[in-house]
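Structure below; questions to follow.
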Amino acid sequence: MENRQYQVRRPVKKRPPQGDMAFGVQPVLETLRSGKEVERLFIQREMGMNEIVKLAESRQIAIHRVPLEKLNRLTRKNHQGVVCFLSPIRYAPVHNVLTQVYEAGKVPLFLLLDRVTDVRNFGAIVRTAECAGVQAVIVPAKGGAMINADAMKTSSGALNYMPICREESLKEVVRYLLESGLQCIACTEKSSTPLYQADFTTPTVIIMGSEEDGISPDLLELAGVRVAIPLLGEVDSLNVSAAASVILYESVRQRIA
């Protein structure tokens with residue numbers, strides 16, 4: 001009998017997709033000083049990195065303290081305890097965008113995403129928002145989807161046109177928008193009011209919640225209007241991207257009627 005030897009192939013662990021990144025103390029410092037947009041900043045949990053932290057905080061960049069193993073998964077090179085990913089887009093302050101919208105004589109329609117973490121969901125939502133005439137998408141500085149090559153691809157280029165506002169406190173942003181004349185509409189299954197009863201023709205910010213637990217209670221408290229998408233089947237919820245499409249195109253229907 002022929003003696004055959006079979007080679008057992010071990011499964012190869014996939015590394016996370018890497019966009020433009022900087023690693024090592026000096027390269028990260030220079031990246032922060034250059035003014036480039038930083039998407040994520042990871043620092044080894046046990047290390048101080050005082051100068052990097054000070055620069056990041058001055059630019060309101062969220063700092064993620066992580067174990068060494070996490071950094072080693074991001075890169076096999078000598079990272080010296082710090083890695084940052086660069087953003088493919090430039091962020092816009094929400095007050096600048098709102099001022100521009102009012103000065104252009106337009107009715108504001110903003111979309112706020114509360115902890116939507118799936119990159120493809122995020123990209124698809126931005127694509128729909130751009131098509132629906134949304135003037136800005138607001139995301140949290142920490143706890144949202146990473147804007148990387150996958151997000152750019154899923155958005156079909158919409159991220160090149162849509163102003164993205166990355167804000168430290170979504171609660172403060174909502175308060176600012178309310179004071180600026182916008183109504184806040186929360187899309188939540190906790191409401192018994194169908195979304196078709198809401199008026200989207202006035203200045204509006206729409207809130208969509210996370211894939212896991214919906215809209216944060218503190219944001220729900222600020223929402224003057226809470227609406228739900230009617231569901232007639234056995235499944236009790238929609239994917240957040242699909243739900244965003246439904247509510248955004250109800251606003252389109254009302255605004256072009």
Side-chain angles (χ1 to χ4, degrees), residues 13-97 112-123 125-126 136-155 159-160 162-173 176 210-212 216 218-219:
K13 290 184 179 180
K14 291 185 177 181
R15 297 171 67 196
Q18 296 187 20
D20 291 335
M21 67 154 58
F23 52 86
V25 175
Q26 200 57 38
V28 170
L29 275 172
E30 293 304 322
T31 298
L32 293 171
R33 289 170 181 154
S34 72
K36 292 179 180 178
E37 292 284 3
V38 172
E39 181 63 26
R40 290 285 193 275
L41 174 61
F42 298 97
I43 297 178
Q44 188 175 333
R45 203 170 275 160
E46 301 82 8
M47 303 185 75
M49 302 282 181
N50 292 337
E51 190 173 0
I52 288 176
V53 168
K54 186 176 179 180
L55 269 172
E57 288 177 344
S58 70
R59 294 187 51 196
Q60 295 186 328
I61 296 170
I63 299 168
H64 301 262
R65 292 283 185 176
V66 297
L68 175 62
E69 293 75 18
K70 167 76 173 179
L71 296 176
N72 289 339
R73 288 197 299 271
L74 295 175
T75 178
R76 294 190 180 99
K77 297 181 181 179
N78 183 20
H79 51 68
Q80 298 178 304
V82 59
V83 173
C84 73
F85 287 88
L86 304 184
S87 174
I89 66 167
R90 294 197 70 84
Y91 293 98
V94 68
H95 58 272
N96 286 1
V97 180
L112 188 149
L113 303 180
D114 177 25
R115 298 167 297 121
V116 172
T117 57
D118 185 274
V119 170
R120 291 177 177 82
N121 275 340
F122 173 76
I125 290 170
V126 172
V137 174
I138 304 164
V139 297
K142 195 171 184 178
M146 185 170 178
I147 300 179
N148 55 18
D150 282 342
M152 295 295 289
K153 181 178 179 181
T154 311
S155 79
L159 277 164
N160 293 313
M162 175 63 67
I164 305 296
C165 307
R166 184 171 64 178
E167 302 292 337
E168 194 67 32
S169 170
L170 295 184
K171 191 173 180 179
E172 291 305 313
V173 168
Y176 165 75
S210 77
E211 298 93 340
E212 296 297 324
S216 304
D218 54 349
L219 293 180

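Please read these numbers as outputs of a predicted model, since none were measured by experiment. Values reported hereafter were calculated over all heavy atoms of this structure, with side chains retained and with hydrogens, waters and symmetry mates removed.
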- Item | Heavy-atom side-chain contact between V38 and V28 under 4.5 Å |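 Not in contact.
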- Item | Short N-O contact, E30 and R33, less than 4.0 angstrom | yes
- Task: Identify which one of D150, T117, T154, L159 satisfies the side-chain contact (heavy atoms from CB on, under 4.5 Å) criterion when paired with F122.
- Result: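 Running side-chain contact (heavy atoms from CB on, under 4.5 Å) over D150, T117, T154, L159 with F122 returns exactly one hit, L159.
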- Would you name the heavy atoms of L32 and A56 that are closest together and state the gap between them?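 Scanning both residues completely, I find the closest heavy atoms to be CD1-N, 4.3 Å.
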- Could you check N72 against H79 for side chain to side chain contact (heavy atoms under 4.5 Å, CB included), going step by step and ending with a plain yes or no? CA-CA 8 Å; N72 289 339; H79 51 68; 2.8 Å; yes
- Task: Check C165 against P93 and note the closest heavy-atom contact, atom names and distance.
- Result: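 So the two residues come closest at SG-C, 4.2 Å.
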- Candidate pair V66 and V83, rule side chain to side chain contact (heavy atoms under 4.5 Å, CB included), full reasoning: CA-CA 10 Å; V66 297; V83 173; over 6 Å; no
- Query: Can you check whether E168's main-chain N or O pairs, donor with acceptor, with K142's side chain at less than 3.5 Å?
  - Reply: no
- Query: SG of C84 to CE of M21: how many Å apart, nearest 0.5 Å?
  - Reply: 8.5 Å
- Message: Checking side-chain contact (heavy atoms from CB on, under 4.5 Å) between V137 and each of L112, V116, I164, V97, which is the one that passes?
- Response: I164
- What pair of heavy atoms forms the shortest contact from P140 to R115, and how long is it?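 Distance-wise, the nearest heavy atoms are CG-N, 4.2 Å.
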- Message: To the closest 0.5 Å, what do you measure between CE (M152) and CD1 (I89)?
- Response: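 Nearest 0.5 Å value for the CE-CD1 distance: 7.0 Å.
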- Task: Might you point out which heavy atoms bring V25 and V82 nearest each other, and give the distance in Å?
- Result: N-CG1, 3.7 Å
- Query: Side chains of L74 and L71: closer than 4.5 Å at any heavy-atom pair?
  - Reply: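 They are in side-chain contact.
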- For N148 and A151, indicate whether the former's side chain and the latter's backbone hold a donor-acceptor pair under 3.5 Å. yes
- Flag yes if more than 12 heavy atoms outside E46 fall under 6.0 Å of its CD atom; otherwise flag no. yes
- Message: Let me confirm one number: the CD-CE distance from Q80 to M49, rounded to the nearest 0.5 Å.
- Response: 7.0 Å
- Message: Could you report the tightest heavy-atom contact between P67 and R45, atom names first, then the distance?
- Response: CD-NH2, 3.4 Å
- Item | Minimal non-hydrogen separation, L113 against L170, with atom names |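 L113 and L170 have their closest heavy atoms at O-CD1, 4.1 Å.
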- Would one find more than 12 heavy atoms of other residues, nucleotides or ligands at under 6.0 Å from atom NZ of K77? no
- Gap separating the CZ atom of R166 from the CD1 atom of I147, nearest 0.5 angstrom: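 Separation between the atoms: 7.5 Å.
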- Is there a donor in the side chain of Y91 and an acceptor in the side chain of E39, or the other way round, less than 3.5 Å apart? yes
- Walk me through it: do N121 and E211 pass the test side chain to side chain contact (heavy atoms under 4.5 Å, CB included)? CA-CA 9 Å; N121 275 340; E211 298 93 340; 3.3 Å; yes
- Euclidean distance, D218 CG relative to D114 CG, rounded to 0.5 Å: 7.5 Å
- Note on the structure: Taken to the nearest 0.5 Å, the spacing of I61 CD1 from E37 CD works out to 7.5 Å
- Task: Measure the acute angle between the ring planes of F42 and H64, then classify it against the limits of 30° and 60° as parallel, tilted or perpendicular.
- Result: tilted
- Take atom CZ of R120 as the centre, draw a 6.0 Å sphere, and report whether it contains more than 12 heavy atoms from other residues, nucleotides or ligands.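 Atom CZ in R120 is not packed in, count stays at 12 or less.
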